[in-house]
Amino acid sequence: MSQALTLARPYARAAFATARDEGTFAPWSDALAFSAHVAADPRVAALLSNPELDRGDAVALLAPESSSESFGRFLAILAEAHRLPLLPEIAGMYTQLRAEAEHVVKATVTSATDLSAAELDAIKAALRKRFGREVDVTTAVDASLIGGAVIDAGDVVIDGSLKGKLSRLQTALAN
């Protein structure tokens with residue numbers, strides 16, 4: 001595990017615990033996503049590593065206008081510990097913790113062409129049945145798959161693409 005993830009873990013857990021206690025999962029998700037996006041910008045990242053940057057200015061730069069007072073305090077703690085550059089990792093871990101708490105599986109369906117609503121509904125139903133949980137599906141298109149789809153649901157990857165089938169056939173024929 002990378003050092004950034006190791007350093008980010010306690011902050012992500014603290015953010016999650018605060019959001020859980022306040023009952024504000026969604027607002028914290030939105031605020032963390034915004035702050036992580038801003039912190040990931042190369043120009044902002046360079047600014048955040050500048051020791052001359054005032055903690056209050058850093059918080060003002062990274063906090064969305066609609067964020068809560070507790071989120072501002074969270075950013076201030078990160079600023080004081082010089083951990084603001086970890087915001088993208090913290091946001092990612094927070095999203096995972098929230099999905100686990102809400103019993104939601106996040107899945108990405110990458111297909112060769114856009115999926116129809118009926119196809120997407122069928123995939124969601126099959127994934128709900130397989131995981132026994134709600135499924136949050138995002139879609140992507142990759143024409144190099146030729147046909148079919150690849151479903152990535154964290155630890156489970158289902159490759160039903162024509163490209164994948166051809167690759168497995170090629171490997172089988174080579175052996």
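If you read the sequence from its start, that first residue is 1, and numbering goes on from there.
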Hey, does Arg130 have a side-chain heavy atom less than 4.5 Å from the side chain of Val105?
no
Could you note down all residue pairs passing ring pair (Phe, Tyr, Trp, His ring centres under 6.0 Å) where residues 29-88 supplies at least one of them, sequence neighbours left out?
Trp28-Phe71, Trp28-Phe74
Side-chain donor or acceptor of Tyr94 paired with backbone N/O of Ala14 under 3.5 Å:
no
Whether Ser35 side chain and Leu62 backbone form a donor-acceptor pair below 3.5 Å
yes
Are any non-hydrogen side-chain atoms of Lys106 and Thr95 less than 4.5 angstrom apart?
yes
Hey, quick one: are Val156 and Leu120 part of the same hydrophobic cluster, counting side-chain heavy atoms closer than 4.5 Å, chains of contacts allowed?
yes
Drop me the distance from Met93's CE to Arg9's CZ, to the nearest 0.5 angstrom.
5.0 Å
Minimum heavy-atom separation for Ala91 and Leu32, please, with both atom names.
CB-O, 3.9 Å
Looking at side-chain heavy atoms only, is the closest gap between Leu166 and Gln170 below 4.5 Å?
no
So, taking the atom named CD in Glu22 and the one named OG in Ser70, what distance separates them when rounded to the nearest 0.5 Å?
3.5 Å
Do Leu61 and Leu47 have side chains that approach each other closer than 4.5 Å (heavy atoms only, starting at C-beta)?
yes
Can you check whether Pro27 reaches Ser67 side chain to side chain, under 4.5 Å on heavy atoms?
no
Checking the side chain of Thr171 only, and the main-chain atoms of Ser167 only, is there a donor and an acceptor separated by less than 3.5 Å?
yes
Flag the pair Glu69 / Arg73 as yes when at least one side-chain heavy-atom distance between them is below 4.5 Å, and no otherwise.
yes
Heavy atoms, side chains only, cut-off 4.5 Å: are Leu87 and Leu75 in contact?
yes
More than 12 heavy atoms of other groups within 6.0 Å of Arg168 CZ:
yes
Can you confirm whether Arg128 sits close enough to Arg133 that some side-chain heavy atom of one is under 4.5 Å from a side-chain heavy atom of the other?
no
Is there a path of hydrophobic side-chain contacts, each under 4.5 Å between heavy atoms of I, L, V, M, F, W or Y residues, that connects Tyr11 with Leu97?
yes
For the residue pair Val59 and Gly72, what are the closest heavy atoms and their distance?
CG1-O, 3.9 Å
Between the CG atom in Asp142 and the OG1 atom in Thr113, the distance rounded to the nearest 0.5 Å is 11.5 Å
What distance do Ile90 atom CD1 and Leu5 atom CG have between them, rounded to the nearest 0.5 Å?
10.5 Å
Please report the interatomic distance CG(Leu78) to CG(Leu48), rounded to the nearest 0.5 Å.
10.5 Å
Distance in Å, Glu52 CD paired with Asp57 CG, rounded so as to fall on 0.5 Å steps:
12.0 Å
